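Note that this is a predicted model, so its numbers are computed, not measured. Lettering of chains follows the sequences in order, A, B, ..., and the numbering in each one begins at 1.
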2 protein chains.
Amino acid sequence: MSDSAVSPPHLEICVVVFTLQESRLKVLLIPSKDPIFADMWMLPAAPVLDCALEKAAARQIEQLTGVGEVYLEQLYTYGDPGRHPTCRLISIVYFALIPADSLLPAAEQKSGSHWFALEELPRLAMDHADILAYALRRLRYKLEYTAVGFELLPEFFTLSELQHTYELILGEKLDKRNFRRRILEAGIIEATPHRRSGEGRPALLYRYRPDAVAEVKARRLFP
Amino acid sequence: MSDSAVSPPHLEICVVVFTLQESRLKVLLIPSKDPIFADMWMLPAAPVLDCALEKAAARQIEQLTGVGEVYLEQLYTYGDPGRHPTCRLISIVYFALIPADSLLPAAEQKSGSHWFALEELPRLAMDHADILAYALRRLRYKLEYTAVGFELLPEFFTLSELQHTYELILGEKLDKRNFRRRILEAGIIEATPHRRSGEGRPALLYRYRPDAVAEVKARRLFP
DNA sequence: CCAAAAGTGTTCTATGTACACCCATGC
DNA sequence: GCATGGGTGTACATAGAACACTTTTGG
């Protein structure tokens, strides 16, 4: 079992995938198969076979959700004796944002994975609760200095939808006028000629400027 | 050689160690032993044997410099086909700050390592120049919202010495009065009753508040 | 015409920036 | 007594926070 320092530790790519459903921030989990963690859930992970780490994370997310292009960023590499009771394990963790409207429901059934709202998490195996907490911290932090919020929305969205996204993730109410001013001054989204009719006055639809994605990537602090 | 996806990739812990010598920010490098990278230098690295990643990085730094307790933080995990021409390699990179006065010169001789000023770097193997550039970016960034500067100084230091440290790392001149106000308001360092006599008026010696180390760790965005 | 959500500027506060002179010591 | 670095406060500019009413549609 854990005959330390004889064979190298196991190495896996682990992903924290967020989406927005029913006005809640949700994370993708899979049921644990290991009897040690019976009735617990885990962040999805897969053994590292080659060294294309980001591609491996993307491939894994595609298998689980059916979505190929996602916002993806390396989070941290966790390795510590005692993370896992019986084996030495190193997890390279990525985190990702997916707009709910691009998810394939079939993929979820097939993989046995499930989306959990952050307020209704099941028991998580190992240190996965810590990892998730850190991913959320980083997401909140990134939201403040870049405009990744739109990565969780469909291609066209209203400013109110975007603001609600921010409020959900940050866990606080924001001022409408200040929010609009800042987000527009950031120049990452732009108005389209279309409108959406709903209950009240129809809202202008916005989309992120396609060339702004590169800009967001350039602005990020993590390579 | 590179029969991909048959055996798992090689995994190493790599360290970017900064210190301050002769009014210059320096980084610790070792000469490459691999003939592919003849006459190039590298960031120190060692194969991963167990999964105590941070301890492994600390151990490596102690072997190279003789210093046991250092400021240490995980930087990023690099893995990409094409990083190394002949083998698949994943590097978990840490970065560290060491006060120059605690270095053991003997350790440097024994390991063949050498301190290079950032303005006079030799050719670096693989993507190590990128890694180093990112480590510097992160150091500069951290300096702005925490007060890690004192990690490069001896136990007792003057405010001018601390300011010069900041100026060196950030690469710009800072206003003396504003610097002092901010650094003291941050509450991370405290005056001692001692003074240092030098050329002009003797300067008060400061040290960081021992209980502030935990605070700095708590404030950091990376776990 | 009423309910429901969209849209829009200004004032105040706090934070950061620029800036110049006196002080204590060694030689 | 003079050269050298140490030490101190204030005015101004900029960024962020608080705040309330009018507009457009559907029912």
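- Following rounding to the nearest Å, B/His194 (NE2) and D/dG6 (C1') show an atom-to-atom distance of 18 Å.
- Atom CG in B/Leu204 sits roughly 17 Å away from atom P in C/dC23 (whole-Å rounding).
- With A/Gln60 contributing its side chain and A/Ile13 its backbone, the two residues share a donor-acceptor pair below 3.5 Å.
- Here A/Arg182 pairs with nothing under the salt bridge (charged side-chain N to carboxylate O under 4.0 Å, His left out) rule; sequence neighbours left out.
- No hydrogens or angles considered: a donor-acceptor pair under 3.5 Å links the side chains of A/Glu12 and A/Ser91.
- In this structure, A/Arg195 places its CZ atom 12 Å from P of D/dG26, rounding to the nearest Å.
- Going from atom CD of A/Glu185 over to atom P of C/dG9 covers 13 Å, rounded to whole Å.
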Requested in this report: Apply salt bridge (Lys or Arg N to Asp or Glu O under 4.0 Å) to A/Glu161 and A/Arg196, showing your working.
Outcome: CA-CA 11 Å; A/Glu161 287 167 349; A/Arg196 169 172 307 158; 2.4 Å; yes
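- Atom CD of B/Glu119 has more than 12 heavy atoms from other residues, nucleotides or ligands within 6.0 Å.
- In this structure, the CZ atom of A/Phe179 is 12 Å from the P atom of C/dG7, given to the nearest Å.
- Within 4.0 Å (heavy atoms only), B/Leu159 reaches no atom of the nucleic acid at all.
- Side-chain atoms of A/Thr165 never come within 3.5 Å of backbone atoms of A/Gly149 as a donor-acceptor pair (strictly under, hydrogens ignored).
- In this structure, B/Glu161 places its CD atom 13 Å from P of D/dG5, rounding to the nearest Å.
- Straight-line distance from the CG atom of A/Leu162 to the P atom of C/dA6: 12 Å, rounded to whole Å.
- Annotation: of the two residues near DNA chain D, A/Gly200 and B/His164, the 5′-most nearest-nucleotide partner is B/His164.
- The side chain of A/Ser160 contributes an N or O atom lying less than 4.0 Å from OP1 or OP2 of C/dA6.
- Picking from C/dA24, C/dA5, C/dG7 the nucleotide with the shortest atom distance to the side chain of A/Glu199 gives C/dA5.
- Atom pair A/Lys176:NZ and D/dG16:C1' shows a separation of 20 Å (rounding to whole Å applied).
- Within a 6.0 Å sphere centred on CZ of B/Arg123, other residues, nucleotides and ligands contribute 12 heavy atoms or fewer.
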Query raised in the report: Tell me, for nucleotides 12-19 of chain C in 5' to 3' order, what letter each nucleotide earns: B for a base near a protein heavy atom under 4.0 Å, S for only sugar-phosphate near one, - for neither?
Result: -----BBB
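- Remark: A/Arg180 is not in phosphate contact with C/dT8, judged by side-chain N or O atoms under 4.0 Å from OP1 or OP2.
- Of the candidates D/dT23, C/dT8, D/dG5, D/dT23 carries the atom nearest the A/Arg201 side chain, counting heavy atoms from C-beta on.
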